[in-house]
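Quick notes on the structure that follows.
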There are 2 protein chains.
Amino acid sequence: MEKIKIGIVGYGNLGKSAEVAIRQNEDMELVGVFTRRNPTDIKPTGNQIKVYPIADALSMQDKIDVMLLCGGSKSDIPVQGPYFIRYFNTVDGYDTHARIPEYYEQMNEIAIKNGKLALIAGGWDPGMFSIQRILAEAVLPEGKTYTFWGKGVSQGHSDAIRRINGVRDAKQYTIPLETAVNRIKSGEMPELTTREKHLRECFVVAEDGADLAEIERQIKTMPDYFADYDTVVHFISQAELEQNHAGLPHGGRVIRIGKTGGEAQNLQQMEYSLNLDSNPDFTASVLLAYVRAVYRLNQEGQAGAKTVADIAPAYLLPKSADEIRRDYI
Amino acid sequence: MEKIKIGIVGYGNLGKSAEVAIRQNEDMELVGVFTRRNPTDIKPTGNQIKVYPIADALSMQDKIDVMLLCGGSKSDIPVQGPYFIRYFNTVDGYDTHARIPEYYEQMNEIAIKNGKLALIAGGWDPGMFSIQRILAEAVLPEGKTYTFWGKGVSQGHSDAIRRINGVRDAKQYTIPLETAVNRIKSGEMPELTTREKHLRECFVVAEDGADLAEIERQIKTMPDYFADYDTVVHFISQAELEQNHAGLPHGGRVIRIGKTGGEAQNLQQMEYSLNLDSNPDFTASVLLAYVRAVYRLNQEGQAGAKTVADIAPAYLLPKSADEIRRDYI
């Protein structure tokens, strides 16, 4: 079998997870990891994996089918996406929801010009949750969709706490409020405020002699991140943080409540939920399924940018159409 | 806006639900109901809905974009699918899982010859659940997928009981066993027998003087339907059946447990669940979303047979690609 040859760009949490996850997919092989750091500083877990400076990628166009962009959405992908899509098919998990339309336009134009295919905004939200929101509304047009995140670690919020003066380390959990979930499932279709949907719980290691009350005040009043939520702050030791809060679990739910029937008398409920021990492992696994789709669609002659909304499920699974009809339908 | 013009073939539970559900979709209109019965015997709930004998459909090819086949999978769809796909795009909920491959081949050949598009095996299982099984395995290649049905009324099993001598009426509930669900969610990945996954509960109205013990024996030993399950039989009055068991609720779950990480140390869980007050309403609603997709894809020039595995989510929702990227991704 001809394997799909993959390059990983960026070797943080997501890149590391992708390296391992490729081994779970028999139809894929990892050609190498590309980094802006000094390649000798990076030690992939697989001992035969090669690490290259990003600039070397250009000379490897015939060796790589799809580049998996594992950098951050804030400053890496907005630069790396438009660069790599000129030379390679790409898959990324760009997750700045508000900027997806403009990122799409940019990627689509360059991709079409170069005959390449980009899957943007893969992962679980955006990604799997986006698919569920679309399916849910398509099949239950009269209703309301709710997305909850957690319980899980928000890396963005943890980082925001770490930037506060006097904070040495921190982990922030996003926790869905079951009272809200229960109101929804009762069929009430409530309008919920940000505060009514999620709680934020913070575990903070302070520097010696730091002003704890001031740190707590700064967290709870931080705009966008915490001000609109009920937030709980616990100060703990570094040892406790490392022992009890080392992982990156996450998850969430998309719930749609719809009504059908002549008098809208029938309540219909759909729920999609994820419960993940490792957020980066799962995100990497989703992106790899879309690597397969991008590879196949580009082989069929398609170019441009796509999101998960544009990909038929069959392209994601390494099975023939006959096998899918026989075993999955 | 140009509306999608729909014909409904068959006016049983599913056809009735489809008639009402079309009104929830602003981009659709119902042209008429087609029946093998005497058209004057059928009274649609919408008072301007026309009812035609099936034979009249042939002269209405320019008036109907998609025919929604609402007959049964046992004897209606295997005849009506191959007939209607010669003249119309079709959508059906053919649900005899084992025969989907041969039905597909037959429909695909005729559809291609006639430039029409058929969506076969839509609904929720096959249908929404098929999509979830494909997505789940694509993103978590190392793992195991479980499908549970219920709690809900199985019309096929209720019918089977009604055919027993001495039975006047019956309703059968398929009930998922929470013990099995809990074992799965613990990460155990058990191999489960039929008996370990579902219980069958039967509410039976017997004829006066019928041999209840014999009816119960015949139910519990009925091959395919009950013999492989733990089955509970309750004899009740017709009045009680009508009061407490009049609806057609159903639902179910697709659960996948996967493992990721270098030592498969991370448990990753996906679950899709439906909780439906009305099974036919929901099935009809799903089929209508695929009517939209079939209409659009045929407008784009596609012909042949497809299943839900072959349709990108965006085709199901009456929104532009821009709106989907902005509001759903």
Side-chain angles (χ1 to χ4, degrees), chain A residues 17 20-21 24-25 45 97 100-101 104 121 126 128 130-135 137-142 251 258 260-262 265-278 281-282 284-286 288-289 292 307-314 316-318 321-322 324-326 328-329, chain B residues 17 20-21 24-25 45 97 100-101 104 121 126 128 130-135 137-142 251 258 260-262 265-278 281-282 284-286 288-289 292 307-314 316-318 321-322 324-326 328-329:
Chain A
S17 287
V20 173
Q24 292 190 318
N25 291 281
T45 61
H97 288 258
I100 287 171
Y104 168 84
M128 291 291 110
S130 316
I131 292 176
Q132 302 300 335
R133 286 188 285 259
I134 293 167
L135 292 178
E137 187 167 325
V139 306
L140 291 171
E142 285 182 20
T260 63
Q265 73 276 29
N266 294 319
L267 205 62
Q268 314 276 32
Q269 187 186 303
M270 302 175 64
E271 179 171 351
Y272 178 79
S273 67
L274 293 173
N275 194 342
L276 310 172
D277 274 359
S278 166
D281 276 11
F282 188 76
S285 298
V286 174
L288 287 175
R292 180 177 295 120
T307 71
V308 297
D310 307 309
I311 309 280
L316 301 169
L317 199 60
D322 282 345
I324 288 177
R325 280 189 292 272
R326 192 190 62 208
Y328 296 83
I329 300 296
Chain B
S17 288
V20 174
Q24 292 190 318
N25 291 280
T45 61
H97 288 259
I100 287 172
Y104 168 85
M128 291 291 109
S130 316
I131 293 177
Q132 302 300 336
R133 286 188 285 259
I134 292 167
L135 292 177
E137 186 166 327
V139 307
L140 291 172
E142 286 183 18
T260 63
Q265 73 275 27
N266 294 320
L267 204 62
Q268 314 276 31
Q269 187 186 301
M270 302 174 64
E271 179 172 350
Y272 178 80
S273 67
L274 293 174
N275 194 342
L276 310 173
D277 274 359
S278 165
D281 276 11
F282 188 75
S285 298
V286 174
L288 287 176
R292 181 178 295 120
T307 71
V308 297
D310 307 310
I311 310 279
L316 301 169
L317 199 59
D322 282 346
I324 288 177
R325 280 190 292 273
R326 190 189 65 206
Y328 296 83
I329 300 298

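Just so you know, these numbers come straight off a predicted model, no measurement behind them.
The most heavy-atom pairs under 4.5 Å with chain A, out of B/P313, B/A321, B/A138, come from B/P313. In terms of heavy-atom pairs under 4.5 angstrom with chain A, the leader among B/L288, B/T45, B/I311, B/I100 is B/I311. Put simply, of B/S130, B/P318, B/A289, the one with the most heavy-atom pairs under 4.5 Å next to chain A is B/S130. Contacts with chain A were tallied for B/L267, B/V286, B/V308; B/L267 has the most, counting heavy-atom pairs under 4.5 Å. Ranked by non-hydrogen atom pairs under 4.5 Å with chain B, the options A/I134, A/V20, A/I131 are led by A/I134.
The parts of A/V139 that come within reach of chain B are both its backbone and its side chain, each placing non-hydrogen atoms under 4.5 angstrom from that chain. For a residue to count as touching a neighbouring chain, one of its non-hydrogen atoms must lie under 4.5 Å from one of that chain's; by this rule B/I329 touches chain A with backbone and side chain alike. Interface remark: B/Q265 contributes backbone atoms only to the contact with chain A (heavy atom separation under 4.5 Å). B/S17 does not touch chain A: none of its heavy atoms, backbone or side chain, sits under 4.5 Å away. Both the backbone and the side chain of B/T260 come within contact range of chain A, judged by heavy atoms closer than 4.5 Å. Only the side chain of B/L140 comes within contact range of chain A, with at least one heavy atom under 4.5 Å from a heavy atom of that chain. The part of B/L135 that comes within reach of chain A is its side chain, from C-beta onward, which places non-hydrogen atoms under 4.5 angstrom from that chain. With a threshold of 4.5 angstrom between heavy atoms, A/L274 approaches chain B through its backbone and through its side chain. Looking at B/Y104, only its side chain comes within 4.5 Å of chain A, counting heavy atoms on both sides.
Rounded to the nearest 0.5 Å, atoms OH (B/Y328) and CD (A/E137) are 3.0 Å apart. For the atom pair A/Q132 CD and B/Y272 OH, the distance stands at 6.5 Å (nearest 0.5 Å). To the nearest 0.5 angstrom, A/S285 atom OG is 10.5 Å from A/M128 atom CE.
Listed by chain and residue number, A/I324, B/A309, B/D310 satisfy the side chain to side chain contact (heavy atoms under 4.5 Å, CB included) test with A/A314 (two or more places apart in sequence, or in another chain). Legend: residues meeting side chain to side chain donor-acceptor pair (under 3.5 Å) with B/E271, ordered by chain and number and at least two apart, are B/K185.
A donor-acceptor contact shorter than 3.5 Å is absent between the side chain of B/N275 and the backbone of A/Q269. Side-chain atoms of A/D277 never come within 3.5 Å of backbone atoms of B/N266 as a donor-acceptor pair (strictly under, hydrogens ignored). Side-chain atoms of B/Q268 come within 3.5 Å of backbone N or O of A/S278 as a donor-acceptor pair.
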**Asked** Run the side chain to side chain contact (heavy atoms under 4.5 Å, CB included) check on B/N25 and B/R292 step by step: do they pass?
**Response** CA-CA 10 Å; B/N25 291 280; B/R292 181 178 295 120; 3.1 Å; yes

